[in-house]
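Here the structure comes first, spelled out in structure tokens, and everything after it is commentary.
Remember, it's a predicted structure, so these values are computed and weren't measured experimentally.
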Amino acid sequence: MTERAQIRLRLGVVAGLAAAAAVCFAIALANGRAARAAVQGVTGEVLTYSSPVEMLFSPDGARLYVLCQGTDEVRVLDASTYAEIKKIRVGHIPRGFSFSPDGARMFVANTWDDTISVIGTKALEVSATWPVGAEPSNVVEDRAGKFLFVANRISNDVAVLDAQTGEELKRLAAGRGASYITPSPDGARLYVTHVYPNPGAHRTPPESEITVIDAARAVVIDRIPLHGIAHGFHVAFSADGRLGVLAELHPKNLVPLAHLEHSGAFADTLMLFGADVGTKPVEVPLDELERYVARPFGVAIAPDKSRVYVSSEGSEIVTVIDVARLLRFVHAHPEPSAQDLSASANYVVARINVGHDPRGVLMARDGRHVFVANRLDDSISVIDAQSNRVASTVPLEGAKQISVLRHGEQTFYTARYSFQGQIACANCHIDSTFDGLTWDLEPDGFGRDIVDNRPIEDLVGTEPYKWNGGNPNLPTECGPRTEKYFWRSENYDDLTLTDLVTYVRHIPSRPNRWRQPGGELTPAQDRGKAVFERAVDKFGNAIPEANRCSFCHSGPKGTSQKSFDVGTRKATDNSGLLDTPQLTNIALSSPYLHDGSAATLEEIWTVFNPEDKHGRTNDLTKDELNDLIEYLRTR
Amino acid sequence: MNGAWKRIARTVAAGYLALGALAYAAAPDMPRYRFENFTTANGLPDNHVYSVLVDGNRIWAGTDNGLGLYENGKWKTYTTKDGLAHRAVLSLALDKRTGDVWAGTMAGLSRISGGRIDTYTQLNSGLSNDVVYGVSVEGENVWVATAAGASKLNLHTNQWSLYNERNTPMNEIWVYGVSATPTKVYYAVWGSGLLEYDQKTGRWDKYDDPDGETEMVLFKDQGLIHEITTSVSYVDNVAWVATYFGDSRYDGRYWHNFLTKDSGLPSNFTNVVKGVDANRAWFGTDKGLAYYDGTSWAVYRPSPATGKPEMTVRDAQGHVTAVLVTSAPAHHYILNIDFQGSDIWVATAHGLSHGIHER
């Protein structure tokens, strides 16, 4: 090695060390932590977070039950001191829980296990685990103790179980993404809300619903239409039952998202219904000029009906609304006001900062305090209802060190990076999934290059990204592209982007509900697999390799990671060359095709494949096509 | 009217009453109905009514121009604008567990649930064909009869199963009617007899006319009366089967055939049969509505010749007696039947009729 070369090497080493030190320093500064690890702490321990999502008081008010999604637990706290009494292990990724009317039992909906845990509240132990399906998200028993109602997010229904034995009696057709159930104050009716829009015609405003169930008869008696609403979350009722309030998201997906600075991509709204507002539900905005309250989620109404409290996941705040002023506004302004950014000043009286990703809101019976579960802070904010200030923050036991994954998840869910705090990744990827919508993303004119929102589960090995395959990797997808098209404001620092990408890369695939437990295929699935893999059509003609299902949708994720023209280009598309989408959990993610024009898997071939460019399928009989779809559902 | 004419009128009226009473006294005690008829004049969506379904106090009428719901004395109409698959609603079924109504139409299958209508077609789902002649709900399965085979939708898994000439003994695929129960599912296949599916074993069986496809009846009571089946109703382990050439009763071992020449059927051309139990059934023909109580027959219709209300009773010996009645179903061409307690609802080619049981 020459002297010059040795000098270069030394300089390089010094520069490298300096850069590494700078990075470490930046990390420490940026994140306030001693080390960076995906899931492990400094001593190698696995970092687990409680991730509280919902809370309940025991009927006597002595205990506070906290549903911890991260540790698969119900934690029982002393309601006065918040000291932990017990941890009760339940199923995987619980999402909702409730008491039996007599308070003797607690029911927990475990989303990944497709089960209900039954907890005896005296022994504080799980006494039974009942199977339901699929992705149970909330559970409520009727007042008579006869039926247990379970909202199933994936199967889009409400399972009705015998409340004593857990035997499933029937399923009621709900809306898409049935997730939350709220009884009316008298218990006579149950109100079910949905996190995905109902299937609808292509390029029409989304529609959701509140499914109303007669609890005694266990039948659907009404569906309150939610025009323009794609995602509904919690409902709360006033004690007199005259006012119902739903936290919801109103997307503006029919206009280019790049117009974020003009009118927003979403209106964050409440739907009011009940006798206090009249015969039709009324939508009111929470947003205000230059300040949005991204993703309203939890709702509570004060016992005296003076205030409504709404948590906003992305904005990390609780909005306090004066009910009397709200109702005056509604009656004085019967015209639609969801897009009116001046409206909320008429009834919002406070906005209270809480923790990361606030979810469930619980009102103390005396109305003096409001509790908020901060999912990504592992804490509960206790708000003084008189002063509208956080009186205390109750930390929950768990890792205090923030892992890379945790920081990435916080970044994914916060709206603080977007213009005026309007949106976060999680706006379109509800609970890290998708949203069931098609979007006009690019600033290339209204209605051009419409794209379906694809799921983001198990993304590793599916790059490039975007339907046109334009983004080679996640740092590009989550970084410059997101910043340019979505945020229009603040950029991520390098470390935050790294953490975000790490989180997105680690979003797992939900369990596939169509696969048999042992992995073997049913006869129909097996026949469908043969169709998927076939090289010869039914007339004995060889199918060109590029025209076989298994060619483009190859590999374990069902994508060759290449782009093809499958004859689905519309007049509004800039190109017909499209990235091959992965098939992971494809059954869950309708609509289909790059622009969401196929409402169902069937329509991909029955409507949009007239020339066999999207695989050779026109020789198939109807039952053979059904078999192919049965197989695809197992992917 | 002068006094003489009044006397004559009174005498004639008294004579009719006496004749009616005598006839009634001599005839078997068959149920009597007062028919209230609905047409477009009082809110029915269309006068051509293909199907009728009773759901407690709610009456659904599948017509040629929309689905009508009669509730609290008023008609509400669902159309394609509400999401209905097609204006012509050929068949209806109630999911008794959930209260959902399933409507088979000329262009798909629709589910009406809590006021929302979801539609399944051969393009957007696994449904075998859009012309849905029959639908029946049993447990978590919706069984469907279409113009190109039979289908089953499992409401838990959303999986469709198709049944046709490749996987059943069906040699025609024009499926007209279906009756599903926890033990057996029967399909009436137009030109292919009666198809039976055993829910326990998953095995298919087929019942044909022992005389072949001819209109002759060489082997009476030896099997299905004819291959062109139009409707089936399975109740109390007995299958009642309608064809265009007579009807049949099958108890799992023995067949019994019904023809106009040796029963009280007003016509062999039968559109629908609906069993009350193992021994009693209603038949909807092109020449009136017939009731069989296991021994005797009663026919209710407006006279095809005069349009005047008629009721006739045929006893076990074949004696036919006219019964004086003041009302009849809206039309003699009967398309569908359902029960509301002891009342009956009848879909006809010109109106919907509510037969209110009188005695």
Side-chain angles (χ1 to χ4, degrees), chain A residues 133-134 152 154-160 168-176 192 198-201 207 209-214 217-225 513-514 522-525 587 590 598-608 621-630 633, chain B residues 55-56 58 71 81-83 94-102 108 110-130 137-142 144 146-168 173 202:
Chain A
N152 292 321
I154 284 179
S155 47
N156 309 319
D157 52 31
V158 173
V160 182
E168 184 172 314
L169 304 173
K170 57 183 172 182
R171 290 193 190 177
L172 307 176
R176 188 173 186 204
V192 185
N198 284 341
E207 296 270 341
E209 67 179 50
I210 303 174
T211 310
V212 185
I213 295 172
D214 182 314
R217 294 192 295 135
V219 296
V220 174
I221 54 171
D222 195 12
R223 297 175 192 271
I224 300 173
R513 268 74 179 188
W514 284 268
T522 65
Q525 291 165 352
S590 67
T600 61
L601 283 168
E602 284 84 355
E603 285 189 355
I604 294 173
W605 299 285
T606 59
V607 178
F608 296 101
T621 59
K622 184 65 179 168
D623 39 4
E624 289 164 340
L625 184 60
N626 285 1
D627 290 342
L628 174 62
I629 288 166
E630 286 304 312
R633 285 172 168 169
Chain B
D55 174 18
R58 309 196 319 162
E71 188 173 24
K81 288 181 182 173
D82 302 302
L94 176 69
D95 185 336
K96 290 178 181 169
R97 305 168 314 148
T98 65
D100 292 353
V101 170
W102 290 83
S110 293
R111 174 175 62 187
I112 301 95
S113 174
R116 191 185 80 202
I117 300 181
D118 303 320
T119 285
Y120 302 84
T121 70
Q122 63 188 39
L123 296 183
N124 74 9
S125 76
L127 180 67
S128 55
N129 187 270
D130 280 351
V137 183
E138 200 291 306
E140 63 188 32
N141 292 316
V142 181
V144 190
T146 83
S151 302
K152 180 184 77 175
L153 170 62
N154 183 295
L155 294 170
H156 269 205
T157 63
N158 283 324
Q159 183 181 6
W160 287 88
S161 303
L162 304 192
Y163 306 111
N164 49 40
E165 80 284 2
R166 290 188 293 279
N167 57 1
T168 76
I173 56 170

Inset, instruction - Measure distances from A:Asn198 to the heavy atoms of chain B and classify the residue's part below 4.5 Å as side chain, backbone, both or neither. - result: side chain

Inset, instruction - Spell out, as yes or no, whether a donor-acceptor pair under 3.5 Å connects the side chain of A:Asn626 to the backbone of B:Gly126. - result: yes

Legend entry - Min side-chain heavy-atom separation B:Asn124-A:Glu602 under 4.5 Å: no

Inset, instruction - Flag the one option from B:Gly149, B:Ser125, B:Gly99, B:Gly115 with the top tally of heavy-atom pairs under 4.5 Å to chain A. - result: B:Ser125

Legend entry - Residue B:Asn164 versus chain A: region with a heavy atom under 4.5 Å: side chain

Inset, instruction - Could you look at A:Ala173 and say if it's the side chain, the backbone, both or neither that has a heavy atom under 4.5 Å from chain B? - result: both

Legend entry - Most chain B-contacting option - heavy-atom pairs closer than 4.5 Å, from A:Val220, A:Asp623, A:Asp222, A:Leu172: A:Asp623

Legend entry - Under 4.5 Å from any heavy atom of chain B - which part of A:Glu630: side chain

Legend entry - A:Ala524, part contacting chain B, at a heavy-atom distance under 4.5 Å: side chain

Inset, instruction - Working to the nearest 0.5 Å, report the span between CD of A:Glu624 and CG of B:Leu162. - result: 10.5 Å

Legend entry - Contacting moiety of A:Leu169, where chain B heavy atoms sit under 4.5 Å: backbone

Legend entry - Region of A:Arg633 in contact with chain B, defined by heavy-atom distances below 4.5 Å: side chain

Legend entry - Interatomic spacing from CG in A:Asn156 to CG in B:Asn158 - rounded to 0.5 Å: 7.5 Å

Inset, instruction - Please look at A:Ala201 and chain B and tell me whether the side chain, the backbone, both or neither of the residue comes under 4.5 angstrom of a heavy atom of that chain. - result: neither

Inset, instruction - Let me know if A:Trp605 has heavy atoms under 4.5 Å from chain B in its side chain, its backbone, both or neither. - result: neither

Inset, instruction - Can you tell which part of B:Ser151 gets under 4.5 Å to a heavy atom of chain A, answering side chain, backbone, both or neither? - result: neither

Legend entry - Atom pair NZ/CG of A:Lys622 and B:Asn129 - distance to nearest 0.5 Å: 10.0 Å

Inset, instruction - Can you see which heavy atom on A:Thr606 is nearest to which on B:Leu123, and at what distance? - result: OG1-O, 2.6 Å

Inset, instruction - Would you please say whether a donor-acceptor pair under 3.5 Å links the side chains of A:Thr211 and B:Arg116? - result: no

Inset, instruction - Under 4.5 Å, counting heavy-atom pairs only, tell me which of B:Leu155, B:Asp118, B:Asp100, B:Leu127 racks up the most with chain A. - result: B:Leu127

Legend entry - Note, A:Arg171 side chain near B:His156 side chain (heavy atom, < 4.5 Å): yes

Inset, instruction - State the CG-CD distance between A:Asp627 and B:Gln159, to the nearest 0.5 angstrom. - result: 8.5 Å

